[in-house]
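This report concerns only the one structure given below.
First listed ligand is number 1; within each ligand, the first listed atom is number 1.
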Amino acid sequence: MAKEPEQIFQPFTARHLEALRKLVGADRVLADDDANGAEALETYSHDFTEDLRFKPSVAVLARSAEEVSKVLAFATRERIPVTPRGAGTGLSGAALPVRGGIVLSLGKMNRILEIDTDNLMAVVEPGVITEVLQNAVAEKGLFYPPDPASRGSCMLGGNLSHCAGGPRAVKYGVTKDYVYGVEAVLPTGEIVRHGGKLLKNSTGYNLTQLLIGSEGTLAVITKIFLKLIPMPTRKSLVLAPFDSLEKPAAAVAALFQAGLTPSACEYMEREALEAGCRQTSEPNPFPNATAMLLLEVDGFSDAEIDRQLETLSTVLERFGAADMALADSPERAERLWRIRRSIGEAVKTRAVYKEEDTVVPRFVLPELLKRVKSICAEYGVASVCYGHAGDGNLHVNLLKENLSDDAWNSELPKCITRIFEAVRDLGGTVSGEHGVGYVQRRYLPIVYGPAELALMRAIKRAFDPAGILNPDKTLP
Ligand SMILES: Cc1cc2nc3c(=O)[nH]c(=O)nc-3n(C[C@H](O)[C@H](O)[C@H](O)COP(=O)(O)OP(=O)(O)OC[C@H]3O[C@@H](n4cnc5c(N)ncnc54)[C@H](O)[C@@H]3O)c2cc1C
């Protein structure tokens, strides 16, 4: 089987620090030799993945593709590992500098270069915060749908690198469905371009899509072409309670069979909703429900919304959700969304945890839920599940709670392996949107065989012969 690129790195020395300061300017190279630098390195040593920490030797704040090119060519020559970094909100440890070396921050490349209202395209640098682009295009009546719950802080380069999704994916798709071109810098320093404001392109290998989801292991993205669509003018939000864990997921399949595509279709079990309500100090609208669906419909006329709400209530009633709450104002809808968006953080404050980002075909989601609960019971691990039911994407939070350290450390990997085997058997895979990064790569052989893994390693070698770019990520 083909091996990973050789990863023999040089220790980072004072000579390297001086050379980097000459390359891009001393003000944009942060190291331990001053208080600001030391603080920045502390920040760059972690992301939002559990409690992992790896300190880099230095952080470089890039301002242009040319600077990124100089830094990468230098790092390849000197065999120094480089970890690209957006906002550091990742949940799979993909931005952790696990081998030290250089953290290459793209946060200062944060210009919206163009909003092209004729071609419905935006051209952006990778450090633009997702919500900043969404607000800028909304002012022109346009819509950039991918909406990770972290959209107020995560960056478009990070979204592209993980192929981020969010609640709207069910109707509008995920990041890959909007990226039509990129400019990127190879680890050897060459600047490459592929695609652009083109809705069609069958010219050679699709390098744009290859870079999506590549988690900063193949190239550093310096420019992105994004498709925009007209902004729907009406929407309506409903919270529906159910008396079982599985009925909501079954109701979702029935909604699609009835011809309805909601613009969001979120699943929360009781403990997830309770955690979100606690976090936001909101009352729980359905304290006795076992599980809930948060459903949004959108469109361009009141009639369109009414028709969708009618289908929705007819179908949901069949599954026992007669007592639905309709958010009767934009403020009320925003409060419900705030509860939903805060669940991830809220659940994690409850106990030591490990989050899994399972995804299966939508129709088998009820079966996945059943299997997750039964596997967790077998290993004595508590779980709280929520996620994007319309996409078959279930976030499974495994909580340590009363387990001893020994039991948690020995049982958790077995429990996770069993969950992913169940996911695979149901036609699913290891991550729907959070990526593989550092913490999930050991589970990849559950879903990929030797041929797929060898192909991925060959791609990595072709892009990064010295193996300096984001080592120990994505591939097992
Ligand atoms: C509260 C919370 C809620 C979340 N909700 C969602 C959700 O609903 N849906 C979802 O999909 N995710 C969600 N996430 C996860 C996270 O926000 C996303 O994965 C996001 O896309 C990461 O963006 P970032 O800018 O923080 O990237 P980082 O964490 O900084 O980096 C992520 C990866 O991208 C690489 N990278 C970053 N920029 C570049 C670049 N320019 N070129 C090459 N590689 C680069 C890094 O090396 C790393 O591999 C959530 C996270 C939190 C904390």
Q. Do Y144 and Y178 pass the ring-ring contact (aromatic ring centres under 6.0 Å, His included) test, and can you show the C-alpha distance, the side-chain angles, and the key distance before you say yes or no?
A. CA-CA 8 Å; Y144 176 69; Y178 292 86; 5.8 Å; yes
Nitrogen or oxygen of [X] less than 3.5 angstrom from that of ligand 1:
X    : value
V220 : no
G165 : yes
A87  : yes
I221 : yes
D47  : no

Are side-chain heavy atoms of L394 and Y267 found at a separation under 4.5 Å?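 In short, these two side chains touch, coming nearer than 4.5 Å.
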**Message:** A side-chain contact here means heavy atoms from C-beta on lying under 4.5 Å apart; do V123 and K223 qualify?
**Reply:**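 They are in side-chain contact.
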**Prompt:** How long is the gap from CD1 on I229 to OH on Y172, to the nearest 0.5 Å?
**Reply:**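 Taking CD1 in I229 and OH in Y172, the distance rounds to 5.5 Å.
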Nearest neighbour in protein (non-hydrogen) for [atom]:
atom                    : result
atom 22 (C) of ligand 1 : T89 OG1, 3.4 Å
atom 32 (C) of ligand 1 : H162 NE2, 3.4 Å
atom 21 (O) of ligand 1 : N159 ND2, 2.9 Å
atom 31 (O) of ligand 1 : A95 CB, 3.7 Å
atom 1 (C) of ligand 1  : E345 OE1, 4.3 Å
atom 2 (C) of ligand 1  : S150 CB, 3.9 Å
atom 43 (C) of ligand 1 : A219 O, 3.5 Å
atom 28 (P) of ligand 1 : G88 N, 3.5 Å

Under 4.0 Å from a heavy atom of [X]: give me the atoms of ligand 1 that qualify, with their elements.
X    : answer
E215 : 47 (O), 49 (O)
G90  : 26 (O), 29 (O)
L106 : 41 (N)
N470 : 47 (O), 49 (O)

Where's the contact between [X] and ligand 1, heavy-atom distance under 4.0 Å: side chain, backbone, both or neither?
X    : value
T222 : neither
H434 : side chain
P167 : neither
P126 : side chain

[X] and [Y] ion-paired at < 4.0 Å:
X    : Y    : result
K108 : E125 : no
R371 : E367 : yes
K197 : D116 : yes
E42  : K55  : no

| said: Would you call the rings of H395 and H388 parallel, tilted or perpendicular, taking 30° and 60° as the class edges? | reply: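 The arrangement is perpendicular - the two ring planes meet at more than 60°.
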Within less than 4.0 angstrom of ligand 1, does T83 place any heavy atom?
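Flag not set, T83 not near ligand 1.
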Shortest heavy-atom approach to [atom] - which of [options]:
atom                    : options          : value
atom 7 (C) of ligand 1  : A164, A149, S214 : A149
atom 39 (C) of ligand 1 : S161, G435, G216 : S161
atom 47 (O) of ligand 1 : G158, A62, P84   : P84

(message) Is it the case that over 12 heavy atoms from other parts of the model lie below 6.0 angstrom from the CZ atom of R111?
(response)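 Result for CZ/R111: open.
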ring-ring contact (aromatic ring centres under 6.0 Å, His included) assessment of Y180 paired with F225: CA-CA 5 Å; Y180 278 71; F225 293 80; 10.0 Å; no
May I have the step-by-step check of ring-ring contact (aromatic ring centres under 6.0 Å, His included) for Y438 and F54, ending in yes or no? CA-CA 12 Å; Y438 181 61; F54 298 89; 5.5 Å; yes
_Using the side chain to side chain donor-acceptor pair (under 3.5 Å) definition, which of the options Q308, K235, E296, K171 pairs with S263?_
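It is E296, the one option of Q308, K235, E296, K171 that forms the side chain to side chain donor-acceptor pair (under 3.5 Å) with S263.
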Under the side chain to side chain contact (heavy atoms under 4.5 Å, CB included) criterion, do V128 and M155 qualify, and how do the steps go?
CA-CA 5 Å; V128 174; M155 296 173 182; over 6 Å; no
Checklist line | Pi-cation contact, F9 with R99 (under 6.0 Å, within 45°) | finding: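 No.
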